[in-house]
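Below is one structure, written out as structure tokens; the observations come after it.
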Amino acid sequence: MTRGFFNVPKAVNEPVKNYAPNSPETEELLATYKEMFNSNIDVPMHINGKEIRTDNTKNITPPHDHQHVVGQYHTAEKKHVVEAISTALSARQAWSSVSWMERASIFLKAAELLAGPYRAKMNAATMIAQSKNVHQAEIDAACEMIDFFRFNVQYMTDIFKDQPASAPGIWNRVEYRPLEGFVYAITPFNFTSIAANLPAAAALMGNVVVWKPSDHQAYSAQVIVDLFKEAGLPDGVINVVYGDPVMISDTVLNSPDFSGLHFTGSTFVFKELWKKIGENIHNYKTYPRIVGETGGKDFIWAHNSANPLQVATAITRGAFEFQGQKCSAASRAYIPTSIWFEVQKHLKAQTSELKMGSPEDPSNFVNAVIHENSFDKIAKYIDAAKADDDAEVIIGGNYDKSKGYFIEPTVILAKTPTYATMTTELFGPVITIYIYDDEKIDESLALVDQSTEYALTGAIFSTDRYIVEKASKALENAAGNFYINDKPTGAVVGQQPFGGARASGTNDKAGSAQNLLRWTSVRLIKETFVTPQDYKYPFLG
Ligand code: NAD
């Protein structure tokens with residue numbers, strides 16, 4: 001029972017640890033990495049709090065050492081998916097009606113557990129199976145996930161406080177009910193924090209969830225499940241299934257109780273899911289909420305007033321951190337002729353210093369790309385660029401998959417502005433640059449705006465305020481997250497709510513009140529204190 005209007009702790013961003021060489025946090029993390037790398041983890045599915053194992057398992061192998069097996073995960077048959085749905089629905093009654101403080105408390109506790117005893121484990125799992133270096137793991141798997149939990153609790157209470165006015169004699173109030181049914185969360189490999197947030201955001205608002213993580217994130221998904229359990233999440237609220245994404249999705253989307261999709265992944269997959277939802281629309285009990293954050297072809301556009309070193313640094317960090325496998329990674333750039341020589345000089349100097357290898361060696365800036373398919377696809381585009389007349393590989397261009405899926409940070413110069421790698425999302429450490437005539441500012445901005453179907457992130461560089469304003473207007477719809485004189489990556493929860501439009505997603509901004517609202521269905525309650533007894537209005541005389 002609630003006997004007070006409770007305030008939640010004010011959300012603050014989790015400080016990013018430095019992991020300087022020989023620091024206590026580095027020693028702890030590397031020791032945890034070693035231990036987890038050499039232990040054989042068995043990742044079951046989780047339905048109604050029970051661990052489900054099947055005869056169908058798949059190996060978990062680090063992308064930077066693909067012959068080394070660190071464990072296996074269990075995959076679903078259709079009956080497991082059906083069970084996950086019915087379990088979620090059985091848990092709904094209790095979970096949707098428990099007071100919000102209990103739900104808030106679970107996720108606040110998860111944040112504190114992750115800031116403390118789970119931090120090294122979550123980071124190490126992310127380093128091992130997703131090939132992130134220490135810093136990339138820390139800003140994602142620890143800090144961003146903690147921030148999602150803390151800020152979402154605050155946003156939930158902000159939403160609840162938003163109440164209508166009441167005229168004299170009546171009391172209007174709205175309650176933010178969870179959706180009637182269950183939510184389906186499908187998550188990508190590249191951010192452990194997104195994997196946790198997609199099911200957690202819906203669950204925080206009182207929904208029950210079937211969660212299908214990426215096959216390539218199963219190791220850290222297991223740590224998330226352990227974290228939720230220790231934080232006190234009741235059985236059946238979030239049910240985890242792995243395996244054939246088409247079979248799982250077909251089964252889920254056929255259920256009349258399907259009430260929402262919380263998706264992050266590639267554009268094509270999201271569109272296919274939307275299509276299936278449309279085909280099933282007559283079967284559903286409610287209109288499902290569809291939230292998807294998808295692909296990008298994120299840009300850096302520089303004006304000739306920009307500082308060339310700053311532009312080069314934004315390219316190096318924006319394109320090559322985590323091997324360019326951030327949805328926000330810069331993968332096309334437009335540089336004016338007059339500053340290109342200087343930008344190129346700095347870019348060559350910076351990239352020549354980047355070390356590549358296992359995340360176990362913290363001095364490696366670049367690690368491996370996620371899997372062989374991704375490696376082969378990127379290598380194919382690099383080879384084509386080497387052969388094509390309208391492209392030139394000016395930095396990097398080498399790759400090697402003998403031990404891990406390693407691709408050198410690569411810069412392609414495109415002679416035509418719509419060259420394949422200027423417009424296709426490769427999701428790897430490759431950026432393509434088009435040099436434009438200094439005078440053709442409007443034309444170059446039009447190219448940025450019109451060359452791709454995406455609109456996720458983008459950055460402009462200029463010290464001229466007229467140009468900053470002009471480019472901001474011209475690119476109004478070209479990016480959901482727009483950066484001035486900064487790289488287009490690294491959004492922080494509570495500061496830069498994240499999401500894109502056009503083919504990049506529904507732009508419901510992960511880690512914001514706007515996103516949480518999608519997992520609610522508002523009930524308006526009007527109560528009249530002195531109820532009328534005469535049907536006649538005064539105008540009737
Ligand atoms: P992906 O689309 O291959 O997979 C995402 C999820 O969808 C996984 O769980 C996968 O198993 C599942 N899936 C794959 N095929 C499916 C199908 N036919 N039906 C149903 N589910 C299916 O993406 P990925 O390789 O894991 O992640 C990279 C992609 O995600 C990139 O396109 C990237 O831009 C995008 N991404 C976007 C954001 C964002 O916020 N906009 C964030 C992270 C990643």
Side-chain angles (χ1 to χ4, degrees), residues 58 63 73 75-76 81 129-131 140 144 148 184-199 201 210-218 220-221 240-254 258 261-277 290-298 322-331 369-375 377-378 405 424-428 452-458 479-481 488-491 493 496-512 515:
K58 286 189 179 172
Y73 61 96
T75 64
V81 186
Q130 291 143 265
S131 205
D140 160 26
E144 186 166 75
F148 274 135
Y184 182 32
I186 307 183
T187 56
F189 80 83
N190 67 336
F191 275 87
T192 305
S193 56
I194 295 178
N197 181 51
L198 266 51
V210 174
W211 172 26
K212 198 211 81 60
S214 162
D215 290 356
H216 305 283
Q217 188 260 326
S220 54
V240 188
V241 289
Y242 297 101
D244 176 1
V246 176
M247 179 279 287
I248 295 173
S249 300
D250 283 351
T251 309
V252 169
L253 300 181
N254 269 332
F258 165 69
L261 173 66
H262 204 184
F263 176 87
T264 297
S266 55
T267 296
F268 180 81
V269 170
F270 183 54
K271 287 185 174 175
E272 288 297 298
L273 290 164
W274 194 307
K275 196 161 77 186
K276 277 183 194 163
I277 294 168
I290 306 177
V291 174
E293 293 301 334
T294 70
K297 190 68 192 169
D298 309 305
F322 188 37
Q323 299 77 263
Q325 296 173 121
K326 299 185 183 189
C327 44
S328 55
S331 62
V369 299
I370 192 69
H371 49 54
E372 189 165 21
N373 277 351
S374 176
F375 177 95
K377 173 183 170 185
I378 299 163
Y405 304 114
T424 312
E425 185 187 49
L426 303 187
F427 224 55
T452 82
E453 61 176 330
Y454 301 110
L456 191 48
T457 75
N481 281 44
T489 59
V493 177
Q496 297 101 22
F498 190 82
R502 293 187 181 161
S504 292
T506 54
N507 204 10
D508 289 292
K509 300 293 187 201
S512 75
N515 177 284

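What you are looking at is a predicted structure, and each value in this text was computed from that prediction instead of being measured. Counting convention: from 1, in listed order, for ligands and their atoms alike.
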Quick one: does [X]'s side chain have a donor or acceptor within less than 3.5 Å of a partner on [Y]'s backbone?
| X | Y | result |
| --- | --- | --- |
| Thr506 | Gly292 | yes |
| Gln325 | Ile370 | yes |
| Gln130 | His216 | no |
| Thr294 | Ala503 | yes |
| Lys58 | Gly243 | no |
| Ser504 | Gly295 | yes |
| Lys297 | Glu425 | no |
| Lys212 | Val241 | no |
| Asn481 | Pro497 | yes |
| Gln323 | Ser131 | yes |

Mind checking whether [X] has an N or O less than 3.5 Å away from an N or O of ligand 1?
| X | value |
| --- | --- |
| Thr294 | yes |
| Asn190 | no |
| Val269 | no |
| Asp215 | no |

- State, yes or no, whether a side-chain contact exists between Lys326 and Phe191 at a heavy-atom distance under 4.5 Å.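 They are in side-chain contact.
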Should the proximity of [X] to ligand 1, defined as any heavy atom under 4.0 Å, be assigned to the side chain, the backbone, both, or neither?
| X | answer |
| --- | --- |
| Phe268 | neither |
| Thr187 | backbone |
| Ser328 | neither |
| Leu273 | side chain |
| Glu425 | side chain |
| Pro245 | both |

- Atom of Ala76, atom of Met247 and distance for their closest heavy-atom approach: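 Between these two residues, the closest heavy atoms are O-CE, 3.4 Å.
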- Item | Selection from Phe263, Phe189, Phe427 by shortest heavy-atom distance to atom 25 (O) of ligand 1 |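 Looking at heavy atoms only, Phe189 sits closest to atom 25 (O) of ligand 1.
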- Query: Counting heavy atoms only, which of Gly265, Ser266, Ala329 is nearest atom 2 (O) of ligand 1?
  - Reply: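 Minimum heavy-atom distance to atom 2 (O) of ligand 1 goes to Ser266.
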What protein heavy atom sits nearest [atom], and how far away is it?
| atom | value |
| --- | --- |
| atom 20 (C) of ligand 1 | Ser249 OG, 3.1 Å |
| atom 7 (O) of ligand 1 | Ile186 CG2, 3.4 Å |
| atom 18 (N) of ligand 1 | Val246 CG2, 3.6 Å |
| atom 27 (O) of ligand 1 | Pro188 CB, 3.6 Å |
| atom 42 (C) of ligand 1 | Cys327 SG, 3.0 Å |
| atom 11 (O) of ligand 1 | Lys212 NZ, 2.8 Å |

- Short side-chain donor-acceptor distance under 3.5 Å, Ser328 and Asp298: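 There is no such pair (donor and acceptor under 3.5 Å, judged by atom type) between the side chains of Asp298 and Ser328.
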- Query: Measuring to protein heavy atoms, does anything land under 4.0 Å from atom 30 (O) of ligand 1?
  - Reply: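 Under the 4.0 Å cut-off, atom 30 (O) of ligand 1 does have protein heavy-atom neighbours.
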- Query: Among Val291, Thr187, Leu198, which one satisfies side chain to side chain contact (heavy atoms under 4.5 Å, CB included) with Thr264?
  - Reply: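 Of all the options given, the one that passes is Leu198.
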What atoms of ligand 1 come within less than 4.0 Å of a heavy atom belonging to [X]?
| X | value |
| --- | --- |
| Leu456 | 41 (N) |
| Pro213 | 9 (O) |
| Ile194 | 42 (C), 43 (C) |

- Task: Report yes or no: does a heavy atom of Glu272 sit under 4.0 Å from some atom of ligand 1?
- Result: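 Checking ligand 1 against Glu272, which is what was asked, there is no heavy-atom contact under 4.0 Å.
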- Message: Within the structure, is a non-hydrogen atom of Phe498 found at a distance of less than 4.0 Å from ligand 1?
- Response: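 It does, in that a heavy atom of Phe498 comes within the 4.0 Å cut-off of ligand 1.
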